[in-house]
Amino acid sequence: MPASLSSSQVNSYQTDGFLFPVDVLSRDNAASIRSEIETTERTYPKGSLPQPVSQYFRVGAHVVIPIMAEIAKTPAVLDAVQSILGPDLLVWSCELFIKEPNTTKIVSWHQDLTYWGMGETDDQLTAWIALSPATSQSGCMKFVAGSHKNSIVPHRDTFHEDNLLSRGQEIEVDVDEATATDIVLQPGQMSLHHGRMFHASGPNTSGDRRIGCAIRYVTPGVKQLVAQRDYAMLVRGCDVERNWINVAAPCQAFDADAMTLYEQIRRDQAAALTQGAAQPVEMYADTASRM
Ligand SMILES: O=C(O)CCC(=O)C(=O)O
């Protein structure tokens, strides 16, 4: 796999606020990760964990599910991210966005940084790795080139049941959808996007699940400005600043210590993720899993 990005790829990211496709996993590797995820879904049916297994996959998955921490540490992914953010990298969150075949779930137009409590920093990005085909038919992401050069614009909560975002948040200003680019990816390819990027995704009208793994990388200099404390996993270089409580990858799925830490992180991060909400923000709804 190509590792570091070329200077023209870095320039393209800086100009557009996104970059794709970047090959990071072989097809076989992507298929075996998907299979391990789906085995985990089957191993933990409803009621076997305090929250539905889809909740743990949906946010902070690297804290309790070893394969998710492994994906976040993939050398080809880190090499590409390092080309943009530099040598010291932490994972703030690792999340699966799953859309079941022929379903109506969508992601509304939003900017990721809106509720992360990190201000408007450029020192973060999301790597989104396709574990099944992400196409216009299956509801791939859409990005508006250059929109990361905006500040964080006003968002409103919709709490719409078809929205995969925690509060159904959407950008209040008009987004010119005609100018958006469909981020079509084959399994094992990734896109990178900036946290102020205007982005969304439509329903999955295909016959396969659309599975994407979104990994949020930050540099040690980024600070949590809203919640009292926040957590991240060091995956490359060193963390001299110590703005983040460093967490380790779990040794086995859902072990007791990792589950306690997961709950603590969710409680602490809620201060940022729920700020200004029009109504209580629930844990992520059980929208993703087939269980
Ligand atoms: O997977 C999707 O459709 C949306 C993901 C997303 O909004 C993100 O990774 O920031």
Side-chain angles (χ1 to χ4, degrees), residues 13 16-22 24 30 34 37 54 57-62 68 71-72 77 80-81 91-101 103-118 121 124-144 147-148 150 152-153 155 157-158 160 162-171 175 177 180-187 189-206 208-218 269 272-273 284-285 287-289:
Y13 174 85
D16 294 336
F18 65 83
L19 182 73
F20 84 107
V22 182
V24 286
R34 173 177 179 170
I37 287 167
S54 57
F57 275 122
R58 178 62 184 80
V59 68
H62 61 296
M68 299 298 286
I71 303 172
V77 177
V81 175
V91 170
W92 178 65
S93 190
C94 182
E95 317 172 354
L96 283 189
F97 281 86
I98 300 179
K99 292 178 185 165
E100 300 299 346
T103 50
T104 49
K105 300 290 178 200
I106 56 108
V107 171
S108 51
W109 288 101
H110 69 287
Q111 292 168 297
D112 291 333
L113 277 173
T114 311
Y115 302 112
W116 288 0
M118 301 172 196
T121 178
Q124 49 58 46
L125 61 70
T126 293
W128 195 103
I129 304 171
L131 298 174
S132 68
T135 62
S136 309
Q137 201 194 357
S138 71
C140 66
M141 286 193 292
K142 303 178 265 191
F143 295 150
V144 176
S147 56
H148 67 302
N150 289 283
I152 297 175
V153 302
H155 286 59
D157 296 339
T158 69
H160 196 283
D162 275 342
N163 202 318
L164 288 178
L165 300 180
S166 57
R167 41 205 278 186
Q169 61 265 34
E170 66 183 16
I171 288 174
V175 177
E177 298 208 21
T181 304
D182 277 5
I183 308 302
V184 174
L185 299 170
Q186 294 310 315
Q189 294 185 318
M190 92 174 162
S191 59
L192 301 175
H193 71 265
H194 190 289
R196 293 196 308 275
M197 168 60 46
F198 289 7
H199 63 295
S201 66
N204 180 3
T205 58
S206 80
D208 189 11
R209 308 177 91 191
R210 197 225 62 171
I211 307 177
C213 176
I215 310 157
R216 322 296 186 178
Y217 293 97
V218 296
Q269 289 182 344
L273 295 168
Y284 285 100
T287 50
S289 172

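A quick note: this is a predicted structure, and the numbers were derived from the prediction, not measured. Counting starts at 1 for both ligands and their atoms, following the listed order.
- Checking side-chain atoms of Ser191 against main-chain N and O of Leu19 turns up no donor-acceptor pair under 3.5 Å.
- A distance-only check finds a donor-acceptor pair linking the side chain of Gln111 to the backbone of Arg196 [under 3.5 Å].
- Side chain of Ser132 to backbone of Arg209: a donor-acceptor contact under 3.5 angstrom is found.
- Using bins of under 30°, 30° to 60° and over 60° for the plane-to-plane angle, the ring pair Phe143/His199 lands in the perpendicular bin.
- No donor-acceptor pair closer than 3.5 Å links the side chain of Ser147 to the backbone N or O of Met197.
- The backbone N or O of Asp208 lies less than 3.5 Å from a partner atom in the side chain of Ser206, making a donor-acceptor pair.
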Pairwise, report which nitrogen or oxygen atoms of ligand 1 are under 3.5 angstrom from protein nitrogen or oxygen atoms, and how far apart they are.
residue  : atom   : partner : partner atom : Å
ligand 1 : 1 (O)  : Trp128  : NE1          : 3.0
ligand 1 : 1 (O)  : Arg210  : NH1          : 3.4
ligand 1 : 1 (O)  : Arg210  : NH2          : 2.8
ligand 1 : 3 (O)  : Ser201  : OG           : 2.6
ligand 1 : 3 (O)  : Arg210  : NH1          : 2.8
ligand 1 : 3 (O)  : Arg210  : NH2          : 3.4
ligand 1 : 7 (O)  : His110  : NE2          : 3.3
ligand 1 : 7 (O)  : His199  : NE2          : 3.1
ligand 1 : 9 (O)  : Arg216  : NH1          : 3.2
ligand 1 : 10 (O) : Asp112  : OD1          : 3.0
ligand 1 : 10 (O) : Asp112  : OD2          : 3.1
ligand 1 : 10 (O) : His193  : NE2          : 3.3
ligand 1 : 10 (O) : His199  : NE2          : 2.9
ligand 1 : 10 (O) : Arg216  : NH1          : 2.9

